[in-house]
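Data first, discussion second: the structure below is written as C-alpha coordinates.
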Amino acid sequence: MGVLSGKTALVTGGSRGIGRAAALALGKAGAQVLVHYGRAAKEAEAVVAELRLAGGRADVVSADLAAPDGPHKLAEQVRGIVGERLDILVANAGISRPATIEATTVADFDELFAVNVRAPFFLVQQLLPILAEGSSIVFLSSLAAHAAVGALSAYSATKGAIDTLVKHFASALGPRGIRVNAVAPGIVQTDMSEFAKTSSGRDYALGIQALKRVAQPDDIGGAVAFLASADARWITGDTLRVDGGSKL
Ligand SMILES: NC(=O)c1ccc[n+]([C@@H]2O[C@H](COP(=O)([O-])OP(=O)(O)OC[C@H]3O[C@@H](n4cnc5c(N)ncnc54)[C@H](OP(=O)(O)O)[C@@H]3O)[C@@H](O)[C@H]2O)c1
(Lines give C-alpha, C1' and ligand atoms only; values in the text may rest on other atoms or scores of the structure.)
Protein backbone atom coordinates (compact mmCIF):
# COMPACT_ATOMS: atom_id res chain seq x y z
CA MET A 1 0.00 0.00 0.00
CA GLY A 2 1.47 3.34 -1.05
CA VAL A 3 1.03 6.49 1.02
CA LEU A 4 -1.43 7.80 -1.59
CA SER A 5 -3.46 4.60 -2.00
CA GLY A 6 -7.13 5.37 -2.52
CA LYS A 7 -6.42 8.97 -3.55
CA THR A 8 -7.37 10.49 -6.89
CA ALA A 9 -5.05 12.95 -8.61
CA LEU A 10 -5.08 15.23 -11.65
CA VAL A 11 -1.78 16.40 -13.13
CA THR A 12 -2.06 19.08 -15.80
CA GLY A 13 0.65 18.88 -18.43
CA GLY A 14 1.33 15.31 -17.33
CA SER A 15 2.42 14.34 -20.81
CA ARG A 16 5.99 15.60 -20.59
CA GLY A 17 8.74 16.95 -18.36
CA ILE A 18 8.01 17.77 -14.73
CA GLY A 19 4.30 16.91 -15.04
CA ARG A 20 5.13 13.46 -16.34
CA ALA A 21 7.55 12.90 -13.43
CA ALA A 22 4.91 14.12 -10.95
CA ALA A 23 2.28 11.80 -12.44
CA LEU A 24 4.65 8.82 -12.17
CA ALA A 25 5.62 9.71 -8.59
CA LEU A 26 1.97 10.03 -7.53
CA GLY A 27 1.14 6.73 -9.24
CA LYS A 28 4.08 5.03 -7.56
CA ALA A 29 2.73 6.22 -4.22
CA GLY A 30 -0.59 4.52 -5.04
CA ALA A 31 -2.79 7.35 -6.37
CA GLN A 32 -5.17 6.98 -9.30
CA VAL A 33 -3.79 9.54 -11.76
CA LEU A 34 -5.51 11.53 -14.48
CA VAL A 35 -2.81 12.58 -16.92
CA HIS A 36 -3.77 15.78 -18.72
CA TYR A 37 -2.27 16.88 -22.01
CA GLY A 38 -2.74 19.73 -24.47
CA ARG A 39 -1.20 18.49 -27.70
CA ALA A 40 1.03 15.57 -26.76
CA ALA A 41 -1.60 12.79 -26.84
CA LYS A 42 0.86 9.98 -27.54
CA GLU A 43 3.17 11.02 -24.74
CA ALA A 44 0.24 11.25 -22.29
CA GLU A 45 -1.00 7.81 -23.33
CA ALA A 46 2.52 6.44 -22.78
CA VAL A 47 2.50 7.82 -19.22
CA VAL A 48 -0.87 6.20 -18.58
CA ALA A 49 0.41 2.90 -20.02
CA GLU A 50 3.45 3.07 -17.73
CA LEU A 51 1.24 3.72 -14.68
CA ARG A 52 -1.09 0.85 -15.57
CA LEU A 53 1.81 -1.52 -16.22
CA ALA A 54 2.97 -0.83 -12.68
CA GLY A 55 -0.49 -1.89 -11.44
CA GLY A 56 -2.00 1.58 -11.04
CA ARG A 57 -5.19 3.21 -12.26
CA ALA A 58 -4.75 6.01 -14.78
CA ASP A 59 -6.55 7.78 -17.63
CA VAL A 60 -5.80 10.59 -20.03
CA VAL A 61 -7.76 13.84 -20.08
CA SER A 62 -7.24 16.70 -22.51
CA ALA A 63 -7.95 20.40 -22.86
CA ASP A 64 -6.26 23.44 -24.31
CA LEU A 65 -5.47 25.53 -21.25
CA ALA A 66 -4.77 28.63 -23.35
CA ALA A 67 -8.50 28.75 -24.14
CA PRO A 68 -10.74 30.67 -21.71
CA ASP A 69 -13.03 27.64 -21.25
CA GLY A 70 -10.17 25.09 -21.13
CA PRO A 71 -10.25 24.67 -17.33
CA HIS A 72 -14.05 24.28 -17.38
CA LYS A 73 -13.85 21.54 -20.03
CA LEU A 74 -11.08 19.79 -18.14
CA ALA A 75 -12.98 19.87 -14.84
CA GLU A 76 -15.99 18.30 -16.58
CA GLN A 77 -13.86 15.43 -17.86
CA VAL A 78 -12.30 14.94 -14.43
CA ARG A 79 -15.74 14.70 -12.78
CA GLY A 80 -16.77 12.21 -15.46
CA ILE A 81 -13.95 9.89 -14.37
CA VAL A 82 -13.49 10.34 -10.61
CA GLY A 83 -17.04 11.37 -9.77
CA GLU A 84 -17.36 13.60 -6.75
CA ARG A 85 -13.94 13.23 -5.13
CA LEU A 86 -10.59 14.64 -6.16
CA ASP A 87 -7.78 14.53 -3.58
CA ILE A 88 -4.79 15.97 -5.41
CA LEU A 89 -4.52 18.67 -8.06
CA VAL A 90 -1.12 19.37 -9.57
CA ALA A 91 -1.47 22.49 -11.72
CA ASN A 92 1.74 22.01 -13.63
CA ALA A 93 1.01 22.85 -17.30
CA GLY A 94 2.92 25.92 -18.33
CA ILE A 95 4.74 27.74 -21.08
CA SER A 96 7.73 30.05 -21.21
CA ARG A 97 8.46 32.62 -23.88
CA PRO A 98 12.02 33.79 -23.23
CA ALA A 99 12.41 37.33 -24.55
CA THR A 100 13.94 40.62 -23.55
CA ILE A 101 11.61 43.39 -22.37
CA GLU A 102 11.98 45.02 -25.80
CA ALA A 103 11.14 41.85 -27.72
CA THR A 104 8.16 40.70 -25.61
CA THR A 105 4.93 40.90 -27.62
CA VAL A 106 1.44 41.55 -26.25
CA ALA A 107 0.32 38.21 -27.70
CA ASP A 108 3.05 36.28 -25.90
CA PHE A 109 2.41 38.18 -22.66
CA ASP A 110 -1.30 37.35 -22.81
CA GLU A 111 -0.69 33.70 -23.62
CA LEU A 112 1.77 33.38 -20.74
CA PHE A 113 -0.79 34.72 -18.28
CA ALA A 114 -3.61 32.66 -19.84
CA VAL A 115 -1.81 29.32 -19.49
CA ASN A 116 0.30 29.94 -16.39
CA VAL A 117 -2.12 31.95 -14.24
CA ARG A 118 -5.70 32.11 -15.57
CA ALA A 119 -5.94 28.38 -16.25
CA PRO A 120 -4.78 27.23 -12.78
CA PHE A 121 -7.03 29.86 -11.14
CA PHE A 122 -10.17 28.72 -12.92
CA LEU A 123 -9.25 25.05 -12.71
CA VAL A 124 -9.24 25.35 -8.93
CA GLN A 125 -12.53 27.26 -9.10
CA GLN A 126 -14.13 24.59 -11.28
CA LEU A 127 -12.83 21.68 -9.20
CA LEU A 128 -13.70 23.19 -5.80
CA PRO A 129 -17.00 21.31 -5.53
CA ILE A 130 -15.17 17.98 -5.65
CA LEU A 131 -11.95 18.83 -3.79
CA ALA A 132 -12.31 16.76 -0.66
CA GLU A 133 -11.47 17.56 2.97
CA GLY A 134 -7.75 16.77 3.31
CA SER A 135 -6.99 17.39 -0.36
CA SER A 136 -3.85 19.06 -1.64
CA ILE A 137 -3.27 21.52 -4.45
CA VAL A 138 0.28 21.88 -5.78
CA PHE A 139 1.16 24.67 -8.20
CA LEU A 140 4.38 25.08 -10.17
CA SER A 141 6.23 28.25 -9.33
CA SER A 142 9.84 28.89 -10.34
CA LEU A 143 13.20 30.16 -9.18
CA ALA A 144 12.51 32.93 -11.72
CA ALA A 145 9.74 34.32 -9.47
CA HIS A 146 12.29 35.45 -6.91
CA ALA A 147 15.59 35.77 -8.82
CA ALA A 148 16.48 37.42 -12.11
CA VAL A 149 17.54 34.52 -14.31
CA GLY A 150 17.54 34.70 -18.10
CA ALA A 151 15.39 36.99 -20.25
CA LEU A 152 12.20 35.83 -18.58
CA SER A 153 10.51 38.87 -17.05
CA ALA A 154 6.97 38.20 -18.35
CA TYR A 155 7.20 34.48 -17.56
CA SER A 156 8.61 35.25 -14.12
CA ALA A 157 5.70 37.57 -13.38
CA THR A 158 3.31 34.66 -14.01
CA LYS A 159 5.17 32.63 -11.41
CA GLY A 160 5.12 35.56 -8.97
CA ALA A 161 1.34 35.54 -9.46
CA ILE A 162 1.30 31.83 -8.60
CA ASP A 163 3.16 32.49 -5.34
CA THR A 164 0.52 35.10 -4.50
CA LEU A 165 -2.35 32.74 -5.35
CA VAL A 166 -0.81 30.10 -3.08
CA LYS A 167 -1.18 32.43 -0.10
CA HIS A 168 -4.71 33.55 -0.90
CA PHE A 169 -6.02 30.10 -1.85
CA ALA A 170 -4.40 28.50 1.20
CA SER A 171 -6.09 31.06 3.44
CA ALA A 172 -9.47 30.74 1.73
CA LEU A 173 -9.49 26.95 1.51
CA GLY A 174 -7.81 26.07 4.82
CA PRO A 175 -11.12 26.00 6.68
CA ARG A 176 -12.23 23.26 4.28
CA GLY A 177 -9.09 21.25 5.08
CA ILE A 178 -7.58 21.90 1.65
CA ARG A 179 -3.85 22.62 1.57
CA VAL A 180 -2.34 24.80 -1.16
CA ASN A 181 1.38 24.97 -1.92
CA ALA A 182 3.79 25.36 -4.81
CA VAL A 183 7.13 23.90 -5.73
CA ALA A 184 9.66 26.28 -7.24
CA PRO A 185 12.19 24.42 -9.39
CA GLY A 186 15.37 26.01 -10.68
CA ILE A 187 16.67 24.94 -14.07
CA VAL A 188 15.33 21.49 -14.95
CA GLN A 189 16.28 19.64 -18.10
CA THR A 190 12.98 19.48 -20.01
CA ASP A 191 11.69 20.65 -23.40
CA MET A 192 11.02 24.04 -21.75
CA SER A 193 14.63 24.41 -20.61
CA GLU A 194 16.33 22.83 -23.61
CA PHE A 195 19.31 25.14 -23.18
CA ALA A 196 20.23 23.03 -20.12
CA LYS A 197 21.25 20.32 -22.61
CA THR A 198 23.94 22.55 -24.16
CA SER A 199 27.35 22.88 -22.54
CA SER A 200 26.92 26.63 -21.97
CA GLY A 201 23.47 26.03 -20.46
CA ARG A 202 24.90 23.35 -18.20
CA ASP A 203 27.72 25.65 -17.12
CA TYR A 204 25.20 28.42 -16.35
CA ALA A 205 23.03 26.06 -14.26
CA LEU A 206 25.99 24.69 -12.32
CA GLY A 207 27.27 28.23 -11.79
CA ILE A 208 24.14 29.32 -9.92
CA GLN A 209 23.53 26.08 -8.00
CA ALA A 210 25.05 24.75 -4.77
CA LEU A 211 24.59 21.18 -6.03
CA LYS A 212 26.67 20.56 -9.14
CA ARG A 213 24.53 18.63 -11.61
CA VAL A 214 21.65 19.52 -13.92
CA ALA A 215 18.23 18.75 -12.39
CA GLN A 216 16.03 16.13 -14.02
CA PRO A 217 12.20 16.04 -13.87
CA ASP A 218 12.35 13.20 -11.28
CA ASP A 219 14.07 15.61 -8.88
CA ILE A 220 10.85 17.64 -8.79
CA GLY A 221 8.25 14.85 -9.08
CA GLY A 222 9.09 13.45 -5.65
CA ALA A 223 8.70 16.85 -4.00
CA VAL A 224 5.25 17.21 -5.58
CA ALA A 225 4.23 13.78 -4.27
CA PHE A 226 5.54 14.74 -0.81
CA LEU A 227 3.43 17.92 -0.72
CA ALA A 228 0.41 15.86 -1.78
CA SER A 229 0.95 13.35 1.01
CA ALA A 230 -0.06 13.28 4.68
CA ASP A 231 3.62 13.78 5.60
CA ALA A 232 3.06 17.40 4.48
CA ARG A 233 -0.24 17.73 6.37
CA TRP A 234 0.88 20.84 8.29
CA ILE A 235 2.36 22.63 5.27
CA THR A 236 0.11 25.09 3.49
CA GLY A 237 0.52 28.50 1.88
CA ASP A 238 4.15 27.83 1.09
CA THR A 239 6.36 27.76 -1.98
CA LEU A 240 8.97 25.06 -1.56
CA ARG A 241 12.24 25.72 -3.37
CA VAL A 242 13.36 22.54 -5.14
CA ASP A 243 16.34 23.95 -6.97
CA GLY A 244 19.57 22.36 -5.77
CA GLY A 245 20.37 25.55 -3.86
CA SER A 246 20.11 28.00 -6.76
CA LYS A 247 21.14 31.65 -6.30
CA LEU A 248 21.76 31.24 -2.57
N1 LIG B 1 11.87 23.24 -16.82
C2 LIG B 1 12.24 24.16 -15.96
O3 LIG B 1 13.41 24.54 -15.90
C4 LIG B 1 11.22 24.77 -15.03
C5 LIG B 1 11.67 25.55 -13.97
C6 LIG B 1 10.77 26.13 -13.10
C7 LIG B 1 9.41 25.92 -13.28
N8 LIG B 1 8.99 25.16 -14.32
C9 LIG B 1 7.53 24.99 -14.47
O10 LIG B 1 7.21 23.62 -14.41
C11 LIG B 1 6.05 23.36 -15.21
C12 LIG B 1 6.36 22.24 -16.19
O13 LIG B 1 7.44 22.65 -17.00
P14 LIG B 1 8.27 21.64 -17.94
O15 LIG B 1 9.65 22.12 -17.94
O16 LIG B 1 7.96 20.25 -17.57
O17 LIG B 1 7.63 22.03 -19.35
P18 LIG B 1 7.44 21.17 -20.70
O19 LIG B 1 8.33 20.00 -20.71
O20 LIG B 1 7.50 22.17 -21.78
O21 LIG B 1 5.93 20.64 -20.54
C22 LIG B 1 4.88 21.56 -20.47
C23 LIG B 1 3.59 20.83 -20.22
O24 LIG B 1 2.53 21.81 -20.18
C25 LIG B 1 1.52 21.45 -21.10
N26 LIG B 1 0.93 22.63 -21.74
C27 LIG B 1 1.60 23.71 -22.23
N28 LIG B 1 0.72 24.55 -22.82
C29 LIG B 1 -0.50 23.98 -22.72
C30 LIG B 1 -1.80 24.37 -23.15
N31 LIG B 1 -2.04 25.49 -23.83
N32 LIG B 1 -2.84 23.53 -22.88
C33 LIG B 1 -2.62 22.38 -22.21
N34 LIG B 1 -1.42 21.96 -21.78
C35 LIG B 1 -0.37 22.76 -22.03
C36 LIG B 1 2.20 20.57 -22.13
O37 LIG B 1 1.22 19.71 -22.68
P38 LIG B 1 1.29 19.17 -24.22
O39 LIG B 1 2.71 18.92 -24.56
O40 LIG B 1 0.44 17.97 -24.19
O41 LIG B 1 0.67 20.25 -25.05
C42 LIG B 1 3.26 19.85 -21.31
O43 LIG B 1 2.74 18.68 -20.73
C44 LIG B 1 5.69 24.69 -15.86
O45 LIG B 1 4.68 25.32 -15.12
C46 LIG B 1 6.98 25.48 -15.78
O47 LIG B 1 6.75 26.85 -15.81
C48 LIG B 1 9.85 24.58 -15.20
Side-chain angles (χ1 to χ4, degrees), residues 10-25 33-48 60-75 77 89-98 107-108 110-120 122-123 138-147 149-150 152 154-163 165-166 182-198 201-202 204-205 208-209 214-221 223-224 239-244 246-247:
L10 166 65
V11 181
T12 69
S15 48
R16 297 186 284 120
I18 293 169
R20 174 179 180 277
L24 293 175
V33 187
L34 305 189
V35 179
H36 159 268
Y37 70 91
R39 297 196 178 122
K42 275 192 186 142
E43 287 87 340
E45 275 154 19
V47 177
V48 165
V60 288
V61 284
S62 170
D64 176 10
L65 295 177
D69 62 351
H72 306 69
K73 288 182 171 163
L74 177 55
Q77 289 173 54
L89 165 61
V90 183
N92 160 83
I95 54 171
S96 70
R97 295 276 184 271
D108 280 352
D110 284 351
E111 197 187 359
L112 279 164
F113 273 81
V115 177
N116 294 3
V117 184
R118 186 179 68 196
F122 285 100
L123 189 57
V138 183
F139 289 107
L140 264 291
S141 178
S142 171
L143 166 69
H146 54 90
V149 282
L152 289 168
Y155 166 82
S156 304
T158 69
K159 296 303 180 179
I162 288 298
D163 287 348
L165 286 183
V166 163
V183 292
I187 296 165
V188 185
Q189 195 172 307
T190 66
D191 297 339
M192 182 181 283
S193 290
E194 276 226 295
F195 70 94
K197 291 175 191 159
T198 66
R202 187 175 177 280
Y204 178 76
I208 63 168
Q209 294 172 193
V214 176
Q216 300 300 313
D218 280 0
D219 294 316
I220 316 301
V224 171
T239 295
L240 178 65
R241 295 176 63 146
V242 189
D243 61 9
S246 293
K247 289 267 186 182

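The model shown is predicted, which means the values in this text are computed figures rather than measured ones. All ligand and atom numbering here is 1-based and tracks the order in the structure.
In this structure a side-chain-to-backbone donor-acceptor pair under 3.5 Å is present from R241 to S246.
Atom CG in L65 sits 10.5 Å away from atom CD1 in I95 (nearest 0.5 Å). Considering CG of L143 and CD1 of I187, their distance stands at 7.0 Å, rounded to 0.5 Å.
Pocket lining of ligand 1, defined as residues with a non-hydrogen atom under 4.0 Å away: G13, S15, R16, G17, I18, H36, Y37, G38, R39, A40, A63, D64, L65, A66, N92, A93, G94, I95, V115, L140, S141, S142, Y155, K159, P185, G186, I187, V188, T190, D191, M192, S193.
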Please table the atom pairs, donor to acceptor, closer than 3.5 Å between any side-chain atom in residues 34-45 and protein atoms at least two apart or in another chain.
unit_1 : atom_1 : unit_2 : atom_2 : d
H36    : ND1    : G13    : N      : 2.9
H36    : NE2    : A63    : O      : 2.9

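At least one side-chain heavy atom of V11 sits less than 4.5 Å from a side-chain heavy atom of V33.
Scanning all heavy atoms of the two residues, the minimum distance from A93 to T12 falls at N-OG1, 2.9 Å.
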